[in-house]
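Written out below as structure tokens is the structure these notes cover.
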Amino acid sequence: KTKILKIDPLDFNEKDLIEACNVIKSGGLVAFPTETVYGLGASAFKEKAVDNIFKVKGRAKDNPLIVHVDSFEKLLEIAEVDEKYFEAINKLTPGPVTFVLKQKVNLPKNVTAGLKTVGVRIPAHPVARKLCKCAGPIAAPSANLSGKPSPTDSQAVIEDLFGKIDFIIDAGSSEFGLESTIIDLTSEIPIILRPGPITIEQLESIFGKVEIPQFVIDASSVDNPKAPGMKYRHYAPEKPVYRYNKVQREKVIKKAISENGVFICPEEHKKFYPDNRIMILGKLSEPYSIAQNLFKVLREFDRSNFNVAFIETFEEKGILLSVMNRLKKASVEVEL
Ligand code: TXA
Ligand code: MG
């Protein structure tokens, strides 16, 4: 029931995407690659199709979707933007960032969960852009079952959604492996609602002052969050994941051996752990590689024979702050 199309993102024709475009235009669901994670797309103006996104993901209705478009002009058709932000938006797009803006058109209620604002993204991935061009605007959350780690390749999409959606475009692994940075531009000072591939340091250099709510740092749930998606369990494998700091390392190794545990660690740390209990997460010397592998390795752990996983926390700077935000949602602090 689900058609899978393989595409080389560096060498394809617009024609190759005609079928996927038609599926979206006629109210179907298409999983497609972006440079962050894979999205599950429907036409943003087709309420029924959007409803199906919530159904197949098991997503809570009060968690709004991101609307994807292929250009700044299209973004301006959907949302109102203060002119003082034009330059910053143009610097950041196309790319791994979503802007929360005031809604200009009336989108179906389910897209925005009834909010007066809308999250808009202009993805840079060539396949995503072409798809938005021919079938946009496209409403799309990540293409995983709710609560699971976001999919960074077609295998993960297949695992969660095969048989439930119409079409999967397979264009290999996502470049960043973490969902877009979400920044709210509806108030005087930009507010970071979700850290992501565009780091807080980068945003500060572009916007000057930005606000970082405490829930972004804690990655905790809050009562009436500005990013409604934040309050749900997220990114988590079925099996338990514990995080710890390096002071606890020796004790955690004993625990892991007695509980059939595995260490998810960067290349540079594998020397600390038993050889047969390691899954590699990239390199500390290339921190973007850690972001790129996080969700993929969490899914690998779920498929493995290990009962439990242990991850050492990272210093919350640059891209590793975004990694820690996701890790805090996927894990609990170890108790020794
Ligand atoms: O990289 C990404 O962001 C991927 C790709 C497919 O674009 N999308 C994605 O969507 O990861 P997801 O599943 O995280 O869901 C959209 C997020 C939710 O956390 C939601 O709360 C937030 O965007 N969001 C959407 N519209 C919003 C709004 N009007 N105000 C605040 N947050 C909003
Ligand atoms: Mg998601």
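Atoms within each ligand, like the ligands themselves, are counted from 1 in listed order. What you see below is based on every heavy atom in this structure, not just the backbone, and it leaves out hydrogens, waters and symmetry mates.
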Return a yes/no value for S180: is any of its N or O atoms, backbone included, closer than 3.5 angstrom to an N or O of ligand 1? yes

Q.
With respect to T98, determine whether any N or O atom, backbone or side chain, lies less than 3.5 Å from an N or O atom of ligand 1.
A. no

- Would you find more than 12 non-hydrogen atoms of other residues, nucleotides or ligands less than 6.0 Å from N305 atom CG? no

(Q) Using a 3.5 Å cut-off on N or O atoms only, is R194 in polar contact with ligand 1? (A) yes

CZ (R121) and CG (D70) are apart, to the nearest 0.5 Å, by 13.0 Å

Near G39 (heavy-atom distance under 4.0 Å), the atoms of ligand 1 are 6 (C)

Q) Does an N or O from S150, backbone or side chain, lie closer than 3.5 Å to an N or O of ligand 1? A) no

Under 4.0 Å from one or more heavy atoms of H68, ligand 1 contributes atoms 5 (C), 6 (C), 7 (O)

Checking T36, T98, T34 against S180 for side chain to side chain donor-acceptor pair (under 3.5 Å), the one that qualifies is T98

| query | Side-chain donor-acceptor pair under 3.5 Å between Q202 and T199, yes or no? | reply | yes

So for L115 against ligand 1, with non-hydrogen atoms under 4.0 Å, the contacting part is side chain

At under 4.0 Å between heavy atoms, what of E35 touches ligand 1? The answer is neither

For the residue pair Y85 and F207, does the interplanar ring angle fall in the parallel (under 30°), tilted (30 to 60°) or perpendicular (over 60°) class?
perpendicular

Q.
Tell me whether K239 forms a cation-pi arrangement with F306, defined as NZ or CZ under 6.0 Å from the six-membered ring centre and within 45 degrees of its axis.
A. no

Near R121 (heavy-atom distance under 4.0 Å), the atoms of ligand 1 are 1 (O), 2 (C), 5 (C), 7 (O)

For V37, the ligand 1 atoms with a heavy-atom partner under 4.0 Å come out as 4 (C)

So the atoms of ligand 1 within less than 4.0 Å of a heavy atom of I182 turn out to be 17 (C), 22 (C), 23 (O)

Around atom NZ of K104, are there more than 12 heavy atoms from other residues, nucleotides or ligands closer than 6.0 Å? yes

Original post:
Would you call V118 a ligand 1 contact, heavy-atom distance under 4.0 Å?
Top reply: yes

Does any N, O or S atom in S146 come within less than 2.8 Å of the Mg ion (ligand 2)?
no

Kindly state whether the ring of F72 and the ring of F86 have centres lying under 6.0 angstrom apart.
yes

Review point. Is Y38 close to ligand 1, meaning an N/O of one under 3.5 Å from an N/O of the other?
Key: no

Check your understanding: Is the NZ or CZ atom of K255 both under 6.0 Å from the centre of the six-membered ring of Y242 and within 45° of that ring's axis?
Key -> yes

- Message: Any nitrogen or oxygen of S142 lying under 3.5 Å from a nitrogen or oxygen in ligand 1? Just yes or no.
- Response: yes

Does R249 make a cation-pi contact with F272 (under 6.0 Å, within 45 degrees of the axis)? yes

In ligand 1, the atoms that come under 4.0 Å of a heavy atom of T117 are 28 (C), 29 (N), 30 (N)

Restricting to heavy atoms, the pick from I66, I53, V120 nearest atom 8 (N) of ligand 1 would be I66

Between D160 and R299, is there a side-chain N and carboxylate O pair less than 4.0 Å apart?
yes

Note: L65, heavy atoms under 4.0 Å from ligand 1, region reported as backbone

